[in-house]
Novice: 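Have a look at the structure that comes next, please.
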Amino acid sequence: LLSCSKEYIELDPLGQPLVDNYYSNESEAYSGLVATYDIMGKQSKSFENMITMMNAGSDDFFAGGGGPSDGIGIQSFSNYSIDASTIPGSFWNDYFQGVFRTNILLQKLPDVPMDEALRTRFTAEAKALRAYYYFELVRLFRNVPLFTEPILTSEIYNIEQADPEAVYAQIETDLTEALPDLPSRITDLENEAGRLTQGSVQALLGKVYLYEDKNQMAAQQFAEVNGTPGGTSKYGYKLVDNFADLFSLDNEFNSESILEVAATSLANVNYDIWGGGQNEGNTVNQMVGPRGYSRTAGSSAPDYAGGWSFNTVTQGLYDVLNGDPRFDATIADLKALEAAGEATYTPGNKDTGYFLKKFMPLNSEKSTGGGNVELNYRQNVYIIRLADTYLMEAEALGASGARAQALLDAVRARVGLAPVPVSMDNIMLERRRELAGEGHRWFDLVRTDRAASVLADRGFTASKNEILPIPLNELENTLIVQNPNY
Amino acid sequence: TVLDANAMPLPGATILVKGTNEGTQTDFDGNFTVEATAQDILMVSYIGFKSVEIPVGQQTSIQITLEEDSAALDEVVVVGYGTQKKSVVTGAISSIKASELESLPVTRIEQSLQGRTSGITIAANSGQPGSSSTIRVRGITSFGNNEPLWVVDGVIVDAGGIGYLNQSDIESIEVLKDAASQAIYGARAAAGVILVTTKKGKMGKLTVSYNGYTGLSGPARKLDLLNATEYATLFNEKYANDYNGSPQDFSLPFPNAQSLGEGTDWQDVIFNNSAKKENHEFSLSGGNEVSTFYLSFGYLDQEGIVAKEISKYKRQNIRLNSTHHINDIITVGETIGYSNEKSTGIGNTNSEFGGPLSSSINLDPTTPLIITDPAVANSGLYTNPGVVRDPNGNPYGISNLVIQEMANPLAYIQTRLGNYNWADNFVGNVYVNLELLEGLNLRSTLGGKLAYYGSESFTPVSFLNTSSVVSQNNISRSTNRGFGWNIENTLSYTKQLGDHDFTILLGQGSYSENDTKGETVTYNDIPVNSREDAAFIQVPDDQIIASAYIGTEHRVTSLFSRLTYNYKEKYLVTGIVRRDGSSRFGSNNKYGFFPSFSLGWNPLKEDFWKENDVVNQFKLRGGYGVVGSDAIGDFRYLSTIGAGRNYTFGNVSAVVIGNSPNAPANPDLKWEETRQSNIGFDARFFNNLTMTVDFYNKKTVGILQDVRLPGYVGATGSPSANVADMVNKGFDIELGYSKTFGELNVSLNGNLSYLQNEVVYLGNGIDFLSGGAGFQSSTYPITRTALGQPYNSFFGFQTRGIFQNQQEIDSYVNSEGVVIQPNAVPGDFRYEDVDDNGSITSDDRKFLGSSIPKYTFGLTLNLDYKNFDLLVFSQGAAGNKIFQGLRRLDISNANYQTEALNRWTGEGTSNTFPRLSNVDSNNNFTNPSDFYLEKGDYLRIKTVQLGYSLKREVIEDIGLTRLRVYLTGENLFTFTKYTGFDPEIGGGIFGIDRGFYPQARTGLVGLNIQF
C-alpha cells in the first residue's frame, strides 16, 4: 500500500546536492571556487593541452607523435590544415566551462553565509579566473560570445558572438576589480600555493594590455610585477639563479613563478578520467618523451621514461639554441645519445632526434599509486614567470630605453650571457630561447605579425590562421558564425 | 482414456459434464474418472486439439481420440496478467512455443526469437560466448533506450539479466508488438514487451527429461589481409608517394619485399577452430491434484572462437516452479531461478582500440610472432622489464610499425589469463490467488531479482609495446549487488452472460529497480609477479585504491485496468487504461496516462459466411494505443551539483575537491509517448496454410534524449529533453504451411517484416541533432539524426570516383568554374561538392544510407519422416548499410585487407580505391565517406538439425518414453557481399563494424531422453 502514495516516487538524489540548496556555507563556496580553478589545468593536464598544442603550431616544434594521423587536432594545427572538424572542441569548451563556473559562483557568493574577507577574496579570484579564461578564448578564437552570468536555458540557442573589444573590456574590468581584493602573495605555501595573487593578476593584466597594443598601460603593470631588473620585486619575485632549476621538480613555486599550474602524482588518473576534472596529472611529460627509450648497459644517459614523441624539436630551434647556455635544459639530444651508443629509441612522426627536455618524463618520477603511470606525472608548469614579464615589459616599453635594456640584460645575465642592444628583434629572439617549449612562441609570432612569414612553410595562411576555427559543434543549430576564411 | 491421433495418451485434458460444474482432468496416462448419467454429455478439451462432445449413453469406459487442431488460432496466448484464446486476441502478438525451441543451440533466450517472429530485428552484440543481442521490436522506437521490457513469469527483469534462463525451461515466449496489447505494461512498454513463461509441472507421473549437446566451433570466415610481401610492397609504394626529400637520399624502407614471404598471419594466431561447447539440461516434473512442480538444472560451458584462453563462458542454473491448490479458493505458487555465471572476455570487442581482434587486423605481417634469434631477443625493446615470453623463454614479437593499442595477441593473452567476471542471479516470484467466486480472482504477486556480480583480475608488469606498458602490477576485485522488486495486485472477473463474454481486470503495481551498490579494491605493486601467487597481500596504504558507489533507485507506481469483451466470439473488444507515476519526472509531470483499445471481427462466424474449404478461419483486428517511456537518467529534472572538478593546490600538491553544477536541469521533462495503430488479420486457408499480417504506424512523440549543448554554455555533461518525434511504419507477415504426405510431415514457417523509419520533428527550426556516432579519431561524426531521414543515418562525403590525371583535377569545377579540389593529385578521390561553393568543406557531407535494416526475414522448414526429423532454419536482413571500419586510420602502418591491392597506382588502375598515402592530404581515408559503406544484406543458414528418434516400442522396454539423437550445424553458410567478418552487427546503432567478434560456426551432436 505504501506504493500508492505519491511519496513512493519522490526520491532524493543521494550524494548529489541540488544547485538551489548548495553554496550554503563557506566550505561549499570553497569547493565551487576549486571547480573554477579546475580549468587552469588545460595548460598541461590532458592530451589536448595548451603547451603541446601551441608548441606544435610554432616554428619551434612539430606535432610529432606516433604517425601523421596520431592526434588529428594537434597534427592539423601543426600543418595548418586545421578546420572546424579537426580543431579539438575542448579548447573552446573547457574555457567556457571555466566561464560558466565562475559565473555561477559569482552569482551565488553574495548570499553565502561566510567570512566577509574570504568572500571578498573568493569573488576576486573568480573574477580574475573569468578574465583569464576569456583571455585564452579571445586570443585563440577572437570571436566568442560573452557571458557574465549563467546562461538561461531558454536563451541557449539565441547567443551571438560579442565584439572582441567588448570581451577585452570585460577582461580588463574583471582583472582591475579583482586586483585590490587579492593577497599580495601566498604565505601558506603548503595549502595555497597556486592560488591567484595581486602579482599574478597584475602580470596577467599587463599581458592583456600588451595583446591589445596598450603598451604604456602594459608597462605600468609589468613594472610593479618586475620591480628592479635582477632584484626582488614588491611581490617577492626574483629570477631563479640557475636556469635549469626552473624545471626541477624540487623547485616548484619558486621566486620566479608568477602563475603556475600544479600537478600531482596522487590523483590515480586512468584513461576514463583523463582530460576530465579529476585529471591532476601532467600529460605533457608523457607526450614529449621519446618512444621506446632505453639506455644501453652501463650508459650514463639520463633515465628518461618512454613517451609518445610529440613536440619533436625543429632544426630551427636547435640552431637558435645551439651554443646557448640554456640548450642543455631545453633540448634532449637523442640523436647524440644514440650516436654515442648511450641510448636507443623508436623514431616517431617528424622525428628530428631532438626532444623537449623541459618536460622530459623521468623513470624516477613515475607515480607509484593507482591509475596509469603515464598519466600521473607531477611536474608543474608555468603560465607566467618572471623572465616572461621582464621581456614583455621591455617590449611594452617599445624595446628601447635604459629600463628595457636592463630587463633584457637581466634575463641574459642570469644564464651568463653578455648584453645585446635592446630591440624588438632581440627581445623576440630572447623570448624564443628563454621560453622555448613553454607554449608562448605561436602567440608571440601572431601578436607581432611575424607568423605569416615565419610559418609560411608550415602552410600558415595570413588573415586566417591567426585565430583558430570555431569547432563544428558550436556552429550547428546556433547563431555562431565561423571565423573568416575557415 | 483420452488419446491423440497417434494413440498417445493426453495428460491434463479437461473433461466437463455439459451444463454442470462437474469435471476433471486426465492423469498422466490419459485416464480419467467422472460421475455422469447416461443422458449427460461429456465435453473434452485440450489445448491444441479440437474439442469434442461425447454422449455418455451406456458406456462405462470411453476411449476418446482428439484430433489435433492444426489451426494455430485456437492456441492460448499470454497477454500480460492473464491468457487469452488466440481466436479472440485483438492485438498484434507473436508467440513461440517450447516445441519450436527444443534442442536449439542458443545460449541466451533472446537468440531464439531471431528469424522466428515477425516484427523483430535481432543482431548479436558479439560472438563472445554469453553475450547478449540487440533486440528491436518494430524498429527503433526511441533515441535512447530501445530495449524491450522482459517479463519473466510476471517479474520485470532488465534485458541484461535474462541470461539466467535455461533454454528448455521455456514454455512460451510472447512478443507484444502493438500498443493495444502493450498498454497493459504502459510505462515501460514502448520498445515492446517480451513475456516469458517458464514450464510448470503437470499432474500425473513424474517426468524426467534430459537434453544435451556437445560440439566444436570455429570462425565462419576470415578476412583476407595482406601478407608480408604484399604489405611491404604497399609500404614502399606509400613511402615513395609521400617522399619529398632529395632524390639521392631516397631508399625503400623494405628493399627486398619479396624475401619476406607470407609473414605472420595474426588471424591464425587468435582464431580457434576447435572451441568447445557443451550444454546439459535436466528436468523433473510432476505432481498431484494438490501440488505440481517443475525442477530443472542446466549446465553450459562454451569457449570462444577468438583467443580461447581468455574467451569463455560457463553457466549453471537451477529452477523450481511449483503450484499448490490449498483448497477450492486458495492457490499459492512460486517460480524461482538461480544462476551462476562465469565469463572471461577478450577485453575489447567491437572496438577499434585494441584487443586481440583489432590487433590481428591491424598488426603488420612483417613482425614475427615469436623472436627466436637471441641477438634480437636480448636487445632493444626486448630488454624492457615485462616483455612477455613463450614457454621456451623467447619473447613474443613486438611490432615497431604498428604500435598504440595493437599488441601481439599471444602476449596480450598472457597478461589477462585468469581474469574473469562472475554473477549470481536469483529471480523469482510468489503469488497467492484467491478464487472468491467463480470467475472472480484476486491475485497478489511479489517478485524480485537479486543479483551479485563482480570481477577478479590480476595485471602483471608487462611491456607489450612502447604504448602499452604496465610498470607495476595490481590485483583488483569488484563486488556489486543489485536488487529490484515488484508487487502487483490484480482483481479479475470473468463472466459469460448468454452470448456476451467479458473479463474485467483491475490492477495496482509498484516497481523498484537499480537499487545497486558496489565497491572495487585494487592493490598495486604486490610483491609477486605471477598469477598463481597473486593475492591481496598487504601493501602500504597508499597502494590500496578503493572506490564505492551507490545507484539511484528507479521507482514506478501504477494503476491499470482492462476490459475484454466478445459477442459469440464474433465481435471482439479490448480496452486498457493505465496510469504510471515515475520517480524520474518532476512534480508536474510525474504521471503518465496510457489508454488503448482494439477491436476484432470474425466474419466466418457470421451467418452470411458459408463454410468452405478455401477460407477456414479469418479474423480481422485493429487497434490504437499509447504507451510511454521514462528511459532517461535519474533526477534530470533537478539541477544537481557534481563532484570531481578538482584542482591541485599547495607546494605539497594536494588534490582539492571541486564541485560545480552538472548539466542544466529540465524541469519540463515529461513522459515519452509512443502512439501506435495496428491493423491486421489472422487467417487459415485450405486447411493448412496460416497467415498473419499486420500493418502498423507507430509514432513516438517527445523522444527523451540527452541533448548535446553548444560548448559555450559551459555545462559539464548533457541535459535531457523531449527532443524529437519519429515514425516507424511497416508490416509484419507470418506464414505457416503444414501438410502430411504419407509418412512425410512437412511444415514451413516463414516471416517477413518491412520497416520504414523517419524522424519527423526535432523542435522548431531544427533540421538535425548535433553530434552522432563517432568513429576512431575521425573528426566528423559518421551518423546524423535529421528531419526526414531514418534515425542515425550514415552521413559523410560522397565520392565520385578517382582523379585519373591532372587534367581531370583541373576540369573538376563547380557551376562558376572554380576548381573544386586544386590540391588533389591523381589517385585522390573526387568528392561531390554538394553545396557547389567550389571547395570541399564540412557542408559537403550528405546522407549516405541507413543502418536500420528495411527487411528482416526468417524461414523454418521442418520435415518428419518416420523416425527422422530435419530442421532447416535461415534468417537474414536487407536494406541496410554497414560502416566497415576495421582498419585503424590513425595508425599509418596498419595492415590492409587485400582490397588494397586494387588501389590506384596510375591512370586507369582504379576508380574506387585511392592511391596509398600516409600524409593523405586529400583525406581519402580520414574523411568519412561512402568508401567505407557497404551493403549489409545477408541470408544465413542459421541452424540445420537432423534428428533420429528411436521407436517407442523399442525404448519402452528400457523404461524410456523418448530417445532422440541429433546433429546440429549452426551458422553453416552466410550469403553476403559484406567484406567484414560478419554482417550481423548489433549495438546501440546497428551496423558500425569496429572489429566485431564474429559469430561461430558450430557442429554439435545432441541427445534428448525422457522417461
Side-chain angles (χ1 to χ4, degrees), chain A residues 3 8-9 11 13-14 16-19 22 31 34-35 37-38 66-70 72 84-86 89 92-93 96-97 99-101 104 145 151 153 156 189-194 252-253 262-264 267-268 277-278 280 291-292 294 306 344 346 369-370 373 378 472-474 476-478, chain B residues 380-381 383-384 400 403-404 466 471 487 508 510 522 524-525 542 545 550 552-553 555 557 581-583 590 635 638-641 644-653 655-661 664 709-716 766 770 777 779-780 842 889-892 918-919 926:
Chain A
S3 53
Y8 176 73
I9 49 172
L11 294 173
L14 285 173
Q16 279 186 67
L18 298 183
V19 173
Y22 202 67
S31 83
V34 173
Y37 269 101
D38 174 29
S69 45
D70 185 5
I72 198 75
S85 74
T86 52
W92 170 282
N93 299 342
F96 272 110
Q97 286 191 22
V99 169
F100 167 74
R101 292 178 197 176
I104 187 95
I151 180 172
T153 310
I156 286 175
L189 278 176
E190 192 175 318
N191 295 308
E192 294 193 351
E252 298 186 320
F253 296 110
T264 176
N268 303 326
Q278 295 172 68
E280 297 301 320
R291 278 179 186 253
S294 64
T344 59
T346 309
V373 170
R378 68 174 177 105
L472 203 54
N473 183 52
E474 302 308 296
E476 293 179 348
N477 297 319
T478 68
Chain B
L381 291 177
T383 59
N384 281 291
N400 260 330
I403 310 179
Q404 277 151 281
T466 57
S471 52
I487 293 176
Q508 171 270 329
S510 47
T522 304
N524 286 311
D525 210 11
D542 65 353
I545 314 291
I550 184 161
T552 299
E553 201 181 339
R555 288 182 182 173
T557 175
S582 167
S583 60
K590 270 215 173 330
F635 304 118
L638 294 173
S639 303
T640 53
I641 296 279
R645 289 85 199 242
N646 304 342
Y647 197 61
T648 309
F649 282 145
N651 60 5
V652 293
S653 296
V655 177
V656 196
I657 304 296
N659 293 334
S660 73
L709 291 180
Y712 58 69
V713 177
T716 305
I766 298 179
S770 290
S777 51
T779 51
Y780 294 105
S842 60
L889 302 179
D890 57 338
I891 302 179
S892 314
N918 282 344
V919 176
T926 52

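The sequence lines fix the lettering, A, B, ..., with proteins before strands; numbering per chain opens at 1.
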Novice: By a 4.5 Å heavy-atom criterion (distance strictly below it), what part of A/E192 contacts chain B: side chain, backbone, both, or neither?
Specialist: backbone

Novice: I'd like to check the side chain to side chain donor-acceptor pair (under 3.5 Å) partners of B/Y647; sequence neighbours left out, ordered by chain and number.
Specialist: none

Novice: Can you tell which of B/G711, B/G581, B/S660, B/S582 has the highest number of heavy-atom pairs within less than 4.5 Å of chain A?
Specialist: B/G711

Novice: Output the option from A/S85, A/P68, A/P145 having the highest count of non-hydrogen pairs under 4.5 Å with chain B.
Specialist: A/S85

Novice: OG of B/S770 to CG of A/N477: how many Å apart, nearest 0.5 Å?
Specialist: 5.0 Å

Novice: Tell me, out of B/V713, B/V655, B/D542, who's got the most heavy-atom pairs with chain A below 4.5 Å.
Specialist: B/V713

Novice: If you round to the nearest 0.5 Å, how far is CG of B/L709 from OG1 of A/T478?
Specialist: 12.0 Å

Novice: At a heavy-atom separation under 4.5 Å, does B/D525 approach chain A through its side chain, its backbone, both, or neither?
Specialist: neither

Novice: Does some side-chain heavy atom of B/T552 sit less than 4.5 Å from a side-chain heavy atom of A/P13?
Specialist: no

Novice: Are A/F100 and B/P661 side-chain neighbours, meaning at least one heavy-atom pair lies under 4.5 Å?
Specialist: yes

Novice: Can you see which heavy atom on B/S653 is nearest to which on A/A263, and at what distance?
Specialist: OG-O, 3.3 Å

Novice: Using the side chain to side chain donor-acceptor pair (under 3.5 Å) criterion, which residues pair with A/D70? Sequence neighbours excluded.
Specialist: A/R291

Novice: Determine the option with the most heavy-atom pairs under 4.5 angstrom with chain A, choosing from B/K590, B/R645, B/Q404.
Specialist: B/R645

Novice: Select one option (side chain, backbone, both, neither) describing which atoms of A/L189 are under 4.5 Å from chain B's heavy atoms.
Specialist: both

Novice: Is A/Y37 close to chain B through its backbone or its side chain, or both, or neither, when contacts mean heavy atoms under 4.5 Å?
Specialist: both

Novice: Taking every heavy-atom pair that is under 4.5 Å apart, which of B/N646, B/I766, B/T466 has the most such pairs with chain A?
Specialist: B/N646

Novice: May I ask you to name which of A/I156, A/N268, A/I72, A/I104 has the most heavy-atom pairs under 4.5 Å with chain B?
Specialist: A/I156

Novice: Under a 3.5 Å distance rule, please check whether A/E190 uses its side chain to pair with a backbone N or O of B/V652 as donor and acceptor.
Specialist: no

Novice: Let me know if B/L889 has heavy atoms under 4.5 Å from chain A in its side chain, its backbone, both or neither.
Specialist: backbone

Novice: Which heavy-atom pair separates A/S69 from B/I891 by the least distance, and what is that distance?
Specialist: OG-N, 4.3 Å

Novice: For A/I151, which atoms come within 4.5 Å of any heavy atom of chain B: side chain, backbone, both, or neither?
Specialist: side chain

Novice: Against chain B, label A/V373 side chain, backbone, both or neither, depending on which of its atoms sit under 4.5 Å from a heavy atom there.
Specialist: side chain

Novice: Contact part of A/T86 toward chain B, heavy-atom cut-off under 4.5 Å: side chain, backbone, both or neither?
Specialist: both

Novice: Go through it in stages, so that I can follow the logic: the residues are A/R101 and B/T716, the test is side chain to side chain contact (heavy atoms under 4.5 Å, CB included), and I'd like the CA-CA distance, side-chain angles, deciding distance and then a yes or no.
Specialist: CA-CA 10 Å; A/R101 292 178 197 176; B/T716 305; 3.0 Å; yes

Novice: Which answer fits B/I657, side chain, backbone, both or neither, if we ask what part of it has an atom under 4.5 Å from a heavy atom of chain A?
Specialist: backbone

Novice: Can you tell which part of B/Y712 gets under 4.5 Å to a heavy atom of chain A, answering side chain, backbone, both or neither?
Specialist: both

Novice: Looking at B/S892 and A/G67, what are the two nearest heavy atoms and their distance?
Specialist: OG-CA, 4.2 Å

Novice: Of all the heavy-atom pairs spanning A/I9 and B/R555, show the shortest one and how long it is.
Specialist: CG2-O, 3.7 Å

Novice: Please state whether the side chain, the backbone, both or neither of A/L18 comes within less than 4.5 Å of a heavy atom of chain B.
Specialist: both

Novice: Output the option from B/T383, B/N400, B/N524, B/I403 having the highest count of non-hydrogen pairs under 4.5 Å with chain A.
Specialist: B/N524

Novice: Mind ranking A/T264, A/V99, A/T153 by heavy-atom pairs under 4.5 Å with chain B and telling me who comes out on top?
Specialist: A/T264

Novice: Just how far is it from atom OG1 of A/T346 to atom CG of B/L381, taken to the nearest 0.5 Å?
Specialist: 5.0 Å

Novice: When you compare the side chain of B/F635 with that of A/L11, does any pair of heavy atoms fall below 4.5 Å?
Specialist: yes

